[in-house]
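Some notes on the structure that comes next.
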Amino acid sequence: MIDTLLLTGAAGTLGRLLAEPLRMRCRQLVISDLAGPLATLAPPHGARAVACDLSAAAAARDLLRGVDAVVHLGGVSVEGPFEPILEANIRGTFNLYDAARRAGTRRVVYASSNHVTGCHPVGTQLDPADETRPDGHYGLSKLFGEGVARMHHDRYGIESVCLRIGTATPEPADRRALSTWISPRDLIALVIASLEAPQVGCLIAYGLSDNPRRWWNCDEAWARLGFRPQDSAEPWASRVESVPVPGGPIAQALQGGSFLSIGPFD
Ligand code: NAI
Ligand code: 15L
């Protein structure tokens, strides 16, 4: 069992989903977010709540002290102007890993995103090792985070699982989600497997359910994690396959969907 586990971005959508299941997998769960959002949370029983803006290096160092493993969700989660993404995702993820190195943290499960490869055309089958084609500032920041993870593994031995999460919603809502959806149950299982699998090194895996219309092949990475998705988007097909992704033709053509129709910002 993990001794002290840190969950960043705990007040966000996925943080709220994961906090309780993660509490069961460790002796001490520390939940963290920006002070404002964190104040709205009722921490799971026994969890410690620590406010932290990860873009501040000293605060990140204080947060990581005594932490054995991290599920890192904190940051900007959508496409937008560069500056906020630079602070929260690029600076924030660097600070988190730098603090993890100083603290002797053993493993980070990093919430990367499918937007690292979002400029590949819809239907193209991808493996985690295929060319990255980020679809905007957000996708670029997630690619940077994967680089930070790699460097901290190769130089300092910190293990990472970089999860290129698809669409984590209660149900698939449109045609794209029939390919990209990950159910809440599968997401919880994937994050726990990423924390607990032995010797993962620095691994990249997409995060999706067992969707027959998927674009991302993960069999090898999932086998290393001992993860098998239990759900599929297909039962929703007749309801949502005629629902286009918002954002016009570019959003229909490329895997990143609606993020492609956001920006530029000048
Ligand atoms: P969210 O936006 O609901 O939650 C993100 C949390 O991070 C928020 O509570 C926010 O206050 C916090 N945060 C923002 N800036 C921060 C900073 N500087 N320091 C500390 N905390 C900060 O996002 P959601 O949907 O819960 O996603 C969680 C993670 O998973 C994000 O990193 C997102 O990019 C990633 N992801 C999510 C997907 C999804 O379908 N929900 C798909 C792919 C990746
Ligand atoms: C993401 O990375 C976002 O955080 C989330 O809001 C969704 O838009 C998801 O990707 C997606 O591609 O559906």
Side-chain angles (χ1 to χ4, degrees), residues 6-19 31-41 49-57 59-60 63-64 70-80 83-96 99 108-120 122 134-146 162-184 186-187 190-191 205-209 211 215-216 233 245-247 251 254-262:
L6 168 66
L7 173 64
T8 72
T13 309
L14 302 190
R16 287 170 190 265
L17 173 73
L18 287 163
I31 59 166
S32 182
D33 206 300
L34 299 172
L38 192 67
T40 68
L41 259 191
V50 181
C52 177
D53 181 341
L54 291 166
S55 65
L63 179 66
L64 268 286
V70 184
V71 175
H72 176 39
L73 307 179
V76 174
S77 61
V78 290
E79 178 58 352
E83 286 301 325
I85 290 177
L86 170 65
E87 289 305 316
N89 295 16
I90 295 183
R91 232 182 258 294
T93 299
F94 177 80
N95 287 343
L96 179 114
V108 179
V109 177
Y110 168 55
S112 183
S113 171
N114 72 88
H115 293 281
V116 163
T117 51
C119 278
H120 283 280
V122 158
D135 59 26
H137 299 151
Y138 170 72
L140 267 176
S141 75
K142 293 294 182 180
L143 181 57
F144 175 83
E146 291 186 4
C162 301
L163 295 176
R164 290 181 183 165
I165 302 168
T167 303
T169 46
E171 294 181 1
D174 56 27
R175 187 189 312 139
R176 173 174 177 271
L178 294 175
S179 302
T180 63
W181 186 63
I182 181 165
S183 71
D186 285 341
L187 181 72
L190 179 58
V191 170
Y206 286 91
L208 69 159
S209 283
N211 309 325
W215 308 316
W216 311 316
V245 188
L254 301 181
Q255 295 190 4
S258 61
F259 281 26
L260 270 306
S261 65
I262 305 172

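Ligands are counted one by one from 1 in listed order, and the atoms in each one are counted from 1 as well.
Side chains of Cys119 and Leu260 form a contact here, defined as non-hydrogen atoms less than 4.5 Å apart. With a 4.5 Å cut-off on side-chain heavy atoms, Leu178 and Asn211 do not count as touching. Considering only heavy atoms from C-beta on, Ser113 stays 4.5 Å or farther from Ile165 through its side chain. Two residues are said to be in side-chain contact when any heavy atoms from C-beta on lie closer than 4.5 Å; Leu41 and Leu38 meet this criterion. With contacts defined as side-chain heavy-atom distances shorter than 4.5 Å, the pair Asn89/Phe144 does not qualify. Looking only at side-chain heavy atoms (C-beta outward), Glu146 and Arg164 come within less than 4.5 Å of each other. Residues Ile182 and Tyr206 have side chains not in contact (no heavy-atom distance under 4.5 Å, counting atoms from C-beta outward). Side-chain contact between Leu54 and His72: present, with at least one pair of heavy atoms (C-beta onward) separated by less than 4.5 Å.
Taking atom 13 (O) of ligand 2 as the reference point, the nearest protein heavy-atom neighbour is Thr167 OG1, 2.6 Å. For atom 9 (C) of ligand 2, the closest heavy atom belonging to the protein is Gly166 O, 3.3 Å. Nearest non-hydrogen protein atom to atom 12 (C) of ligand 1 is Asp33 OD1, 3.3 Å. In terms of protein heavy atoms, atom 5 (C) of ligand 2 is closest to Ser77 O, 4.0 Å. Closest protein heavy atom to atom 4 (O) of ligand 1: Gly12 CA, 3.3 Å.
Contact annotation: Thr8 has no heavy atom less than 4.0 Å from any atom of ligand 1. The shortest heavy-atom distance from Ala10 to ligand 1 is not under 4.0 Å. Within the 4.0 Å heavy-atom shell around ligand 2 one does not find Gly118. Not a single heavy atom of Arg164 sits under 4.0 Å from any atom of ligand 1. Using a 4.0 angstrom heavy-atom cutoff, Pro84 does not count as in contact with ligand 1. Residue contacts with ligand 2 do not include Lys142, since none of its heavy atoms lies under 4.0 Å from the ligand. Using a non-hydrogen distance threshold of 4.0 Å, Gly92 does not register as a contact of ligand 1. Ligand 2 has Asn114 within reach: a non-hydrogen atom of the residue lies less than 4.0 Å from it.
Distances from atom 38 (C) of ligand 1 to the heavy atoms of Leu34, Val71, Ile165 put Ile165 nearest. Counting only non-hydrogen atoms, the option in Gly75, Ser77, Ser55, Ala51 that gets closest to atom 5 (C) of ligand 1 is Gly75.
In terms of modelled atom types and a separation under 3.5 Å, the side chain of Trp215 and the main chain of Thr180 share no donor-acceptor contact. Using a distance-only test at 3.5 Å, with no hydrogens or angles considered, no donor-acceptor pair links the side chain of His115 to the main chain of Asp135. Looking only at distances, a side-chain donor or acceptor of Glu79 sits under 3.5 Å from a matching main-chain atom of His137. With hydrogens and angles ignored, the 3.5 Å screen pairs no side-chain donor or acceptor of Asp174 with any backbone N or O of Val245. Under the 3.5 Å distance criterion, the side-chain polar atoms of Ser209 are matched with a main-chain donor or acceptor of Ser183. A donor-acceptor pair is defined here as one N or O able to donate and one able to accept, closer than 3.5 Å; no such pair exists between the side chain of Arg91 and the backbone of Ala56. Side-chain atoms of Asp53 never come within 3.5 Å of backbone atoms of Ala59 as a donor-acceptor pair (strictly under, hydrogens ignored). Without hydrogens or angle criteria, Ser32 side chain to Val50 main chain gives a donor-acceptor distance under 3.5 Å.
Atoms of ligand 1 found under 4.0 Å from any heavy atom of Tyr138, numbered from 1 in the order shown, are 33 (C), 34 (O), 35 (C), 36 (N), 44 (C). For ligand 1, the atoms closer than 4.0 angstrom to any heavy atom of Pro37 are 11 (O). Within ligand 1, the atoms closer than 4.0 Å to a non-hydrogen atom of Leu54 are 17 (C), 18 (N), 19 (N), 20 (C), numbered from 1 in the order shown. Proximity to Ser112 (heavy-atom distance under 4.0 Å) selects the following atoms of ligand 1: 43 (C), 44 (C). Heavy-atom contacts of Gly166 reach the following atoms of ligand 1: 40 (O), 42 (C), 43 (C) (cutoff under 4.0 Å). The distance from ligand 1 to the heavy atoms of Ala88 drops below 4.0 Å at these ligand atoms: 15 (N), 18 (N). Near Gly9, the atoms of ligand 1 lying under 4.0 angstrom from a non-hydrogen atom of the residue are 6 (C), 7 (O). Those atoms of ligand 2 that come under 4.0 Å of a heavy atom in Phe259, given as number and element, are 3 (C), 8 (O). Taking every non-hydrogen atom of Leu73 and a distance limit under 4.0 Å, the qualifying atoms of ligand 1 come out as 28 (C), 29 (C), 31 (C), 32 (O). Applying the 4.0 Å criterion to heavy atoms of Arg176 picks out, from ligand 2, the atoms 11 (C), 12 (O), 13 (O).
Between Ala168 and ligand 1, at least one pair of N/O atoms sits closer than 3.5 Å. Considering backbone and side-chain N/O of Ser113, none are found under 3.5 Å from N/O of ligand 1.
By the criterion of a heavy-atom distance under 4.0 Å, neither the backbone nor the side chain of Ser32 is placed next to ligand 1. If you look at Lys142 next to ligand 1, the close heavy atoms, those under 4.0 Å, all belong to the side chain.
Tested against Leu6 for a side-chain contact (heavy atoms from CB on, under 4.5 Å), the candidates Leu64, Val108, Val71 yield a single pass: Leu64.
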